[in-house]
Amino acid sequence: PTRILVEGHPGAGKTTLCRRMALEWARPNSHGEHCGENCVHSFDLLFILHSSHFVDENSITDVITKHLFPKDFELPSNILADILQTKRILVLCDAYDEASTDNVLLDDLIRRQWLSNSTVLITSRFNHLRAAFPHFNTKYSVRGFDEEQMMEHIQKFAKQRKKSVDEFTSWIERRKRELSDIMNNPLNLTLILLLVDEGETDVINNRSDLFSAIHGFIVRKASERKELKMSVAEIEKTLIEPLANVAFDALRKDSSVFYRKDLAAHSCDPDKILHVGYLAHDIKISMLQEEPRFFFPHRTFCEFLAAKHLAEAQTREREEWLKELKEHYEEREVVALFLVDLLRGDEEGLSRMFDILMNSCRFHKMDRHWDHDDVTCPPSHIPMKMLGEMTDIPTLVQETIMKHLPAKITLHEECTDECMQGAIALCKMNSLKESGVKLAINGGNTNKWTGMLNEVSQCPNVKSIELRKCDELEEALAAL
């Protein structure tokens, strides 16, 4: 019996991992020499569940009965409870980050107050379960594709589309260096390949560009459907705008599914919106009725539309949301990063956004975190992550940053790729030419920092670089 945590960025493959494990377990005669004592095939029963299934439920038997059993399948709860206690059980629980608020039963499951003799695997985005780390025996992270896996994925995509793989690899090779951080993500790579296939890849410079391009592609395709008979402008106004309100409200409530009443509350026509392509639906079978429920194929699409709502919202609503960002950053990080790009062109809006965030996140106190050996990526880094999403930092935004600039930009072992990209962008700002900036690296594997150190060492704005508790110091110095 054990508790396993698998963390990863959005689209890295956490859900795919769960489904693959369930598939391998269910395949007949799939046991092989690779199987070991703790192989997936060593379990008598495997249950795959979404974290939202546990919300407002009273017991594990209730969750399984309600969400996994067919309507006409009757198994007394005491018999199911006995099976769960006597058999070797593996529970795969996906997407903790999508239903973490007031999820008492799931939190109790993690703490072994339920199924203490069973193995439970939880997937989540990074940082949502740091407080629960002591309850996990093992922690893994899904880091995305390496070069070989990326090529294999491209080949599979080309085969599925009945196209030559060269049509995709030529574009990928041309942009790989500048988009490597995006392409190693399975979801992002799939979307890029889809756009390459459609010849719509001119403006992709970051993840926000990618999802904006996908949004444009979805809406244009919808405008061609005879079921809608609507122009792109009409779809944006009458369907996407209400759907963006639904997405924003869903994330605020930590909800991953919607029903007709939820869509109707925002004047969103469920029948028409299904033809757009953003939402999928299935049937929730209860003892009383069959009720359609709607959901985004991936949470990141919901987050993009929520950011779109904020970008087009009244200034006051957006600023209130930004002021609360520090307290809810794990849940709202992706929305915030999309928002930066969607406000591109609104220099005053961007400047105000950074001013609010740098005040609320105490950006000027960033260097104070350096002596905390167990620190995760601190809240003061939020504005820096957002800088990493910008291909060009407007003058007014640079002036705002200079007002809050800390004495030292400090990065930690737990910092993300977004932090490093933001630090690079900050170091290259024209406004820093006179004052310069100091950079400090606090701990971790040198391989993580090598690329960034090589880039910032060539930047004249960097006055000094401190290295502390870094492994393989010679490699770090070589990068400098």
Side-chain angles (χ1 to χ4, degrees), residues 9-11 51-52 95-101 124-128 187-188 191 206-219 235-259 262-270 273 276-281 293-344 346 349-350 352-353 356-357 360 382 385-386 389 418:
H9 290 299
S51 294
S52 61
Y96 179 89
D97 54 281
E98 295 184 19
S100 59
T101 303
S124 176
R125 295 183 183 182
F126 288 107
N127 295 327
H128 284 262
L187 172 63
N188 294 344
L191 297 179
N206 54 37
R207 183 175 59 174
S208 297
D209 284 343
L210 171 60
F211 275 82
S212 292
I214 283 292
H215 173 76
F217 170 74
I218 289 173
V219 173
I235 291 173
E236 287 281 4
K237 182 65 179 175
T238 63
L239 297 179
I240 297 300
E241 188 175 312
L243 183 59
N245 294 342
V246 171
F248 180 77
D249 194 46
L251 291 178
R252 185 175 55 83
K253 296 176 179 177
D254 201 16
S255 174
S256 57
V257 297
F258 333 105
Y259 298 94
D262 302 315
L263 297 175
H266 295 278
S267 303
C268 192
D269 186 325
I273 205 66
V276 173
Y278 257 122
L279 287 183
H281 81 297
R293 58 182 182 182
F294 304 85
F295 53 91
F296 288 94
H298 197 278
R299 183 179 175 88
T300 313
F301 293 107
C302 182
E303 290 165 324
F304 174 79
L305 286 181
K308 191 172 176 62
H309 166 80
L310 282 170
E312 298 169 1
Q314 295 292 325
T315 302
R316 182 176 178 179
E317 180 184 1
R318 182 167 67 236
E319 292 188 354
E320 288 299 318
W321 186 86
L322 289 168
K323 289 174 183 177
E324 299 172 356
L325 183 60
K326 179 183 174 182
E327 282 70 36
H328 305 279
Y329 190 65
E330 286 83 3
E331 298 89 355
R332 299 181 178 183
E333 175 180 5
V334 176
V335 179
L337 295 177
F338 278 138
L339 181 59
V340 174
D341 194 70
L342 291 173
L343 287 176
R344 186 192 308 172
D346 181 3
L350 277 172
R352 179 64 182 151
M353 179 180 182
I356 292 171
L357 286 177
S360 64
I382 293 173
K385 290 181 180 182
M386 300 175 82
E389 290 292 305
E418 289 85 359

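A 4.5 Å side-chain heavy-atom check between Val334 and Arg207 finds at least one atom pair inside the cut-off. Phe338 is not listed as a side-chain neighbour of Glu389, based on a closest heavy-atom distance of 4.5 Å or more. With a 4.5 Å cut-off on side-chain heavy atoms, Leu339 and Met353 count as touching. At a threshold of 4.5 Å between non-hydrogen side-chain atoms, the residues Ile214 and Phe304 do not count as touching. Side-chain contact between Phe211 and Leu191: present, with at least one pair of heavy atoms (C-beta onward) separated by less than 4.5 Å. Residues Tyr278 and Ile240 have side chains in contact (heavy-atom distance under 4.5 Å, counting atoms from C-beta outward). Met386 has its side chain out of reach of Leu350: every pair of non-hydrogen atoms, C-beta onward, lies at least 4.5 Å apart. In this structure, the side chains of Leu251 and Cys302 come closer than 4.5 Å at one or more pairs of heavy atoms.
Without hydrogens or angle criteria, Asp254 side chain to Ser100 main chain gives a donor-acceptor distance under 3.5 Å. Remark: the backbone N or O of Thr300 is paired with a side-chain donor or acceptor of His298 at under 3.5 angstrom. In this structure, the side chain of Ser51 engages the main chain of Ala95 through a donor-acceptor pair within 3.5 Å.
To the nearest 0.5 angstrom, Leu305 atom CG is 11.5 Å from Glu241 atom CD.
Among the candidates Leu243, Val257, Val246, Leu263, the single residue satisfying the side-chain contact (heavy atoms from CB on, under 4.5 Å) test with Phe294 is Leu263.
Salt bridge annotation for Glu312-Lys308: present, with a cationic side-chain nitrogen under 4.0 angstrom from a carboxylate oxygen. Salt-bridge check for Glu303 with Arg125: passed, with a basic side-chain N closer than 4.0 Å to an acidic carboxylate O. In summary, Arg344 and Asp209 engage in a salt bridge, as defined by a charged side-chain N under 4.0 Å from a carboxylate O.
Side-chain contact, His215 with Glu236: a donor N or O sits under 3.5 Å from an acceptor N or O.
Between Phe258 and Phe296, the distance from one ring center to the other falls under 6.0 angstrom.
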